[in-house]
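Below is one structure, written out as structure tokens; comments come after it.
Protein chains get the first letters and strands the later ones, always in sequence-line order, with residue 1 at the start of each. All heavy atoms count here, side chains included; hydrogens, waters and symmetry mates do not. Quantities reported herein were computed from a predicted structural model and do not represent experimental measurements.
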2 protein chains.
Amino acid sequence: MAGGISLKELAAELKLAPSTVSRALNDSYEISEATKKKVISMAEKLNYHANPFARSLRENKSKTIAVIIPERINSFFAQVVDGIEEIAQEQGYHLLIYNTHEDLEREQKIVNLLLNGRADAIAMSVTSQTSDVSHLQKLHDRGLPVIFFDRIRSEIPTTKFITNDYESAFEATKHLIQQGCKNITLLTLGKDLSISKERQRGYNDAIKSEGWELDPSMTLYCSHEEERNVELIEELLLSSNRPDGILASVEKLAFATYLAVKRTKLRIPSDLKLISFSNTSIAGILNPSLTTITQPAMSIGNECANLLIKKLTKPKQYELIDQVITIPSKLTIRESTLVE
Amino acid sequence: MAGGISLKELAAELKLAPSTVSRALNDSYEISEATKKKVISMAEKLNYHANPFARSLRENKSKTIAVIIPERINSFFAQVVDGIEEIAQEQGYHLLIYNTHEDLEREQKIVNLLLNGRADAIAMSVTSQTSDVSHLQKLHDRGLPVIFFDRIRSEIPTTKFITNDYESAFEATKHLIQQGCKNITLLTLGKDLSISKERQRGYNDAIKSEGWELDPSMTLYCSHEEERNVELIEELLLSSNRPDGILASVEKLAFATYLAVKRTKLRIPSDLKLISFSNTSIAGILNPSLTTITQPAMSIGNECANLLIKKLTKPKQYELIDQVITIPSKLTIRESTLVE
DNA sequence: TTGTATGCGTTATCAT
DNA sequence: ATGATAACGCATACAA
């Protein structure tokens with residue numbers, strides 16, 4: 001459709017062989033400075049742009065990174081994508097985006113699609129439904145560089161970037177305890193996700209470290225539907241054994257909690273203290289402002305892109321070794337956990 | 001890197017000619033059902049995936065749409081991208097993302113990059129710095145389908161999707177007036193942006209429709225730096241002629257207003273009523289909850305993708321005619337404009 | 001219905 | 001320092 005001019009046409013215009021022009025444009029040492037100058041200026045004049053597909057076909061690489069995320073772009077994934085995009089653009093890489101919508105089948109389809117080489121590398125965060133990992137295994141077996149972030153699968157021996165979910169959840173729970181909470185509920189999404197497990201473990205250990213008994217009914221499994229979650233939480237808040245502290249393992253559950261609280265007579269933080277994993281920039285203008293554990297989303301994105309590009313550029317020097325790299329989250333205390 | 005098997009190898013395995021295999025996989029009418037079945041099953045067995053670059057080179061199309069956005073992915077652009085992604089994935093298209101970071105030079109660079117045919121079509125929202133549109137003109141001249149959304153440039157004769165900025169700003173201002181505001185300030189970003197102009201016009205006309213005098217000092221030009229904006233707004237709120245109503249033309253200026261108000265003794269909505277263009281899902285849990293004009297971001301994304309894909313699929317039937325398509329925004333009244 | 005040959009636009013190998 | 005030629009993997013015009 002676009003149809004600029006080709007290398008051959010440019011060469012004809014210059015009365016040079018295509019190979020010479022190619023070398024000149026690629027700044028080969030075999031070409032004289034004089035012709036290089038001529039070629040480059042003519043290329044600019046005629047607005048020549050190398051056909052990326054011919055080049056990709058020839059060189060067997062695309063200068064493209066694919067990012068697969070599991071849900072609608074929320075503040076966390078938006079920041080990760082921004083972080084990846086920043087580095088990619090800087091390094092002349094292109095960015096493909098795919099959304100699995102928490103659907104394993106879509107994830108498999110997309111992963112299979114990428115097996116054809118459209119992208120040189122992949123950064124992904126898996127679906128909460130991802131039980132079977134054979135599609136991911138295949139990706140890795142084929143030698144396509146893959147990195148996981150946030151929602152990782154340890155079965156695949158590659159580098160993964162996460163935040164310190166365990167420690168953060170531990171710290172968050174301890175913070176609630178320090179602020180006087182005696183009865184803390186964890187709001188979480190699933191049991192399968194790596195991050196859920198780690199956050200649950202952090203919560204569990206914090207409770208146990210007080211010598212308290214761990215009550216399984218104090219972990220509330222929520223869904224992906226907001227209204228349903230609000231109902232669940234409201235029910236929880238109206239129950240006889242209602243919590244005086246809540247740790248929301250993802251942002252949207254904190255928002256659901258605000259909505260649920262609105263439906264009751266309870267007040268944050270006097271009746272209920274709330275802390276949440278969250279990347280929203282407006283935690284500070286919620287009322288009361290929300291104490292958060294902020295994941296270093298932008299940094300995670302940056303690191304993913306940096307490592308992948310290094311691996312692509314210098315495959316011998318950089319290996320995607322099987323390790324989990326942890327970038328710490330940051331606890332920001334605000335009004336929602338204040339002692340009044 | 002990835003290196004699956006090629007068509008030729010697949011053909012060899014099947015003891016068929018590559019062309020036959022190609023046709024079978026493309027479901028050509030010339031091929032018998034029997035061989036089609038054989039070919040397809042073998043292709044699956046050997047995990048054959050057509051090389052996208054060879055195909056793109058041959059067919060001169062990439063099944064790829066590029067999206068260019070001007071800033072970090074915020075709730076509006078996230079929703080637009082989600083909307084585009086949804087349709088693209090459904091139709092087997094790939095999505096490239098580029099961020100110009102409000103920088104004209106980057107915009108030019110990216111646009112020039114896309115001149116080489118890497119994407120079949122482009123959906124974009126321009127930079128607030130975009131004064132010179134020659135790079136956009138070139139894109140269009142080359143016949144590359146381009147659509148603008150939200151931040152459009154009317155100089156380029158193509159289809160643009162926006163929301164009813166003028167009417168919404170008018171309605172929003174009228175709403176403030178109905179709620180008793182006598183002194184309304186418009187917070188805006190620039191004077192160059194299409195959307196800013198329209199929203200300003202809507203505000204102006206609403207003020208004038210009351211028979212009031214239009215006071216230029218009641219329009220506050222903000223920056224892209226949050227802290228600076230908070231200071232500007234705080235100053236405004238402490239001035240002798242402070243407003244009793246604010247219309248924020250973009251979300252982040254509403255957030256800045258919340259922060260500025262926090263620093264004063266004023267209260268929303270009793271001392272100051274606030275309404276904002278915004279796509280945040282949490283307008284309802286701000287305190288007080290925020291009256292918003294919600295842009296149909298997801299729909300805008302859907303429409304962009306749909307039209308582009310139609311144009312690509314049936315170029316004769318669908319033209320990107322020079323028109324502006326308006327999808328209305330929705331006013332949702334919440335506490336921040338309540339009469340107490 | 002299937003096979004053969006060509007070309008898409010590059011880059012790399014081998015000449016000159 | 002430059003030119004001729006082949007090859008990347010695919011789809012298609014042409015041949016059988």
Side-chain angles (χ1 to χ4, degrees), chain A residues 1-40 42-43 46-64 92 113 115-120 142, chain B residues 1-40 42-43 46-64 92 113 115-120 142:
Chain A
M1 253 315 156
I5 79 165
S6 74
L7 185 69
K8 222 194 300 192
E9 293 168 305
L10 176 59
E13 199 67 40
L14 283 157
K15 297 190 200 307
L16 284 170
S19 55
T20 307
V21 176
S22 171
R23 277 181 283 227
L25 290 172
N26 290 318
D27 202 29
S28 161
Y29 67 97
E30 312 174 280
I31 302 295
S32 74
E33 285 305 317
T35 37
K36 270 186 196 172
K37 285 231 188 294
K38 250 193 303 188
V39 168
I40 289 168
M42 181 62 87
L46 299 186
N47 228 291
Y48 168 77
H49 294 278
N51 181 312
F53 306 118
R55 182 172 279 168
S56 290
L57 178 59
R58 187 61 230 255
E59 308 205 313
N60 199 29
K61 65 185 187 196
S62 59
K63 290 273 254 177
T64 300
L113 218 59
L115 238 35
N116 66 10
R118 187 178 289 270
D120 292 339
R142 288 290 196 87
Chain B
M1 256 314 157
I5 79 166
S6 75
L7 187 67
K8 220 194 303 192
E9 294 167 306
L10 176 59
E13 198 66 39
L14 284 157
K15 297 190 199 307
L16 284 171
S19 58
T20 307
V21 176
S22 170
R23 276 180 282 229
L25 291 172
N26 290 319
D27 202 28
S28 161
Y29 67 96
E30 312 174 280
I31 302 295
S32 74
E33 285 305 318
T35 38
K36 270 187 197 171
K37 286 231 189 295
K38 251 193 302 187
V39 169
I40 289 169
M42 181 62 85
L46 299 185
N47 227 292
Y48 168 78
H49 295 278
N51 181 311
F53 307 118
R55 181 173 279 168
S56 289
L57 178 59
R58 180 65 226 252
E59 307 206 309
N60 198 32
K61 64 184 188 197
S62 59
K63 290 273 252 178
T64 301
L113 219 61
L115 238 34
N116 65 12
R118 187 177 289 270
D120 293 339
R142 288 289 196 86

Here the distance between atom C1' of dA6(D) and atom NZ of Lys8(B), to the nearest Å, is 11 Å
Out of dT2(D), dC10(D), dC8(D), minimum distance to the side chain of Ala50(B) belongs to dC10(D)
Exercise. Is there a donor-acceptor pair closer than 3.5 Å between any side-chain N or O of Ser22(B) and the backbone N or O of Thr20(B)?
Worked result: no
Taking for Ala54(A) and for Ser32(B) the nucleotide of DNA chain C with the nearest heavy atom, the one nearer the 5' end belongs to Ser32(B)
task = Kindly say if Tyr48(B) contacts the phosphate of dC10(D), meaning a side-chain N or O under 4.0 Å from OP1 or OP2.
result = yes
Quick note, Glu30(B) side chain, CB onward, closest among dT2(D), dT1(C), dT10(C) is dT1(C)
message = Under 4.0 Å from OP1 or OP2 of dT1(C): is there any side-chain N or O of Lys36(B) that close?
response = no
Discussion item. Tell me whether Ser62(A) contacts the main-chain N or O of Ser56(A) through its side chain, where contact means a donor paired with an acceptor under 3.5 Å.
Written reply: no
Listing, residues 6-13 of chain B side-chain donor-acceptor contacts under 3.5 Å, not counting sequence neighbours, or none:
| from | atom 1 | to | atom 2 | distance (Å) |
| --- | --- | --- | --- | --- |
| Ser6(B) | OG | Lys8(B) | N | 3.3 |
| Ser6(B) | OG | Glu9(B) | N | 3.2 |
| Ser6(B) | OG | Glu9(B) | OE1 | 3.3 |
| Glu9(B) | OE1 | Ser6(B) | N | 2.6 |

From CD of Glu9(B) across to P of dG9(D) the rounded distance in Å is 7 Å
Between Glu59(B) and Val21(A), whichever has its closest DNA chain D nucleotide further toward 5' is Val21(A)
Point to revise | NZ/NE/NH1/NH2 to OD/OE distance under 4.0 Å, Lys63(B) and Asp120(B) | key: no
When rounded to whole Å, the NZ to P distance for the pair Lys15(A) and dA4(D) reads 14 Å
Rounded to whole Å, the CG-C1' distance (Leu10(B) to dG9(D)) equals 12 Å
Worksheet item: NA contact type, Thr35(A), heavy-atom cut-off 4.0 Å: base, sugar-phosphate, or nothing?
Response: sugar-phosphate
When rounded to whole Å, the CG to P distance for the pair Asn116(B) and dC8(C) reads 18 Å
note: Asn26(B), atom CG; dA13(D), atom P; distance rounded to Å ~ 13 Å
Applied to residues 15-25 of chain A, the salt bridge (charged side-chain N to carboxylate O under 4.0 Å, His left out) test, sequence neighbours excluded, yields Arg23(A)-Glu30(A)
Problem set entry | Side-chain N or O of Arg23(A) closer than 4.0 Å to phosphate OP1/OP2 of dA1(D) | no
Of the listed dT12(D), dG9(C), dC10(D), the closest approach to the Asn51(B) side chain comes from dC10(D)
Considering only heavy side-chain atoms of Leu57(A), the closest of dC10(D), dT10(C), dC8(D) is dC8(D)
In whole angstroms, the gap separating C1' of dA12(C) from CG of Leu25(A) amounts to 15 Å
- Item | Side-chain-base donor-acceptor pair under 3.5 Å for Ser19(A) and dA4(D) | yes
Between CG of Leu16(A) and P of dA4(D) the distance, given in whole Å, is 11 Å
_So Ser22(A), base contact, sugar-phosphate only, or nothing? Heavy-atom distance under 4.0 Å._
base
